[in-house]
Amino acid sequence: NIFRILADLSHLASIVILLETIRKARQIDGISLKTQILYVLVFCTRYLDLLTFRWTSLYNTLMKFFFIGTSVYVVKLMQDCKLTNPVSYKDMMFRDTFQIKYLLGPCALLALVFNYKFTVLELCWSFSIWLESVAILPQLFMLSRSGKASTLTTHYIFALGLYRALYIPNWIWRYYSENRLEKLSIFTGLLQTALYSDFFYIYYRKVMKGRGFELP
Amino acid sequence: NENKGTHDEL
């Protein structure tokens, strides 16, 4: 359906914006390495089913490889910055201070409690879906500490947030058309979108009106 | 629900 396609396109767009930002500007100011590492973990645990060869579709499989590949590549590009632009790297590390153990621990616990089956694959899937819902927190924390961000960084966060928000009408659509109700995805999707809501509001008020992102 | 555990979304 249209919402799901738009959501996936928005997710793709967010990654392209991020890669272009890092490659062109050769700096990583305002981008959280911790959030990017969490995404590597999210995609690697979510798409373990690639190893079972029970593929849904070519589209699905290609997208999975793309998300794993690009998330690893982003982390590598950011690590490279240690040598190519040490000032920018140091500045990023100085601001990227969110303690991710407070996300990893609870997500692992939630995965043990809420899952569809008590198998390695399903537990990893559930862990990834919980972790994805909060993976943006180090990035948002960094943003709130510095109080402002480059326009490209805010476009990246917006596209990334929009992707999960668009999955919500997709789930409503699928409930009516296929009688499909995936409670875990829906709950974590709502949680994820809620975490972005404050950002969305400021993005709408400032960036979309061409005023640049600055926190009140 | 029959759809449980069939992860066809990204």
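Chain A is the first sequence line, chain B the second, and so forth, proteins listed ahead of strands; every chain is numbered from 1. Quick caveat: nothing in here was measured; it's all calculated off a predicted structure.
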- Of A:Arg4, A:His11, A:Arg54, A:Lys64, the largest count of non-hydrogen pairs under 4.5 angstrom with chain B goes to A:Arg4
- Item | Per-residue contact mode, A:Lys117 against chain B (heavy atom under 4.5 angstrom) | neither
- Task: Decide ring-ring contact (aromatic ring centres under 6.0 Å, His included) for A:Tyr163 and A:Tyr196; before the verdict, give the C-alpha distance in whole Å, the side-chain angles of both, and the deciding distance to 0.1 Å.
- Result: CA-CA 11 Å; A:Tyr163 133 72; A:Tyr196 277 85; 9.2 Å; no
- Largest heavy-atom contact set with chain B, pairs under 4.5 Å, which of A:Tyr167, A:Trp125, A:Phe43: A:Trp125
- Region of A:Arg174 in contact with chain B, defined by heavy-atom distances below 4.5 Å: side chain
- Query: Which bit of A:Asn170 comes within less than 4.5 Å of chain B, counting heavy atoms only: side chain, backbone, both or neither?
  - Reply: side chain
- Message: Using modelled atom types and a 3.5 Å cut-off, is there a donor and acceptor pairing between side-chain atoms of A:Ser128 and backbone atoms of A:Thr45?
- Response: no
- Check the surroundings of atom OH in A:Tyr175: do more than 12 heavy atoms from other residues, nucleotides or ligands lie under 6.0 Å from it? no
- Regarding A:Trp171 and B:Glu9, is there a side-chain donor-to-acceptor distance under 3.5 Å anywhere? yes
- Query: Quick one: does A:Thr188's side chain have a donor or acceptor within less than 3.5 Å of a partner on A:Ser133's backbone?
  - Reply: no
- Which atoms form the tightest heavy-atom contact between A:Arg95 and A:Ser146, and what is the distance? NH1-CB, 3.7 Å
- Applying a strict 4.5 Å limit to non-hydrogen atoms, the region of A:Phe66 in contact with chain B is neither
- Message: Given heavy-atom pairs under 4.5 angstrom as the criterion, report whether the side chain, backbone, both or neither of A:Asp8 touches chain B.
- Response: side chain
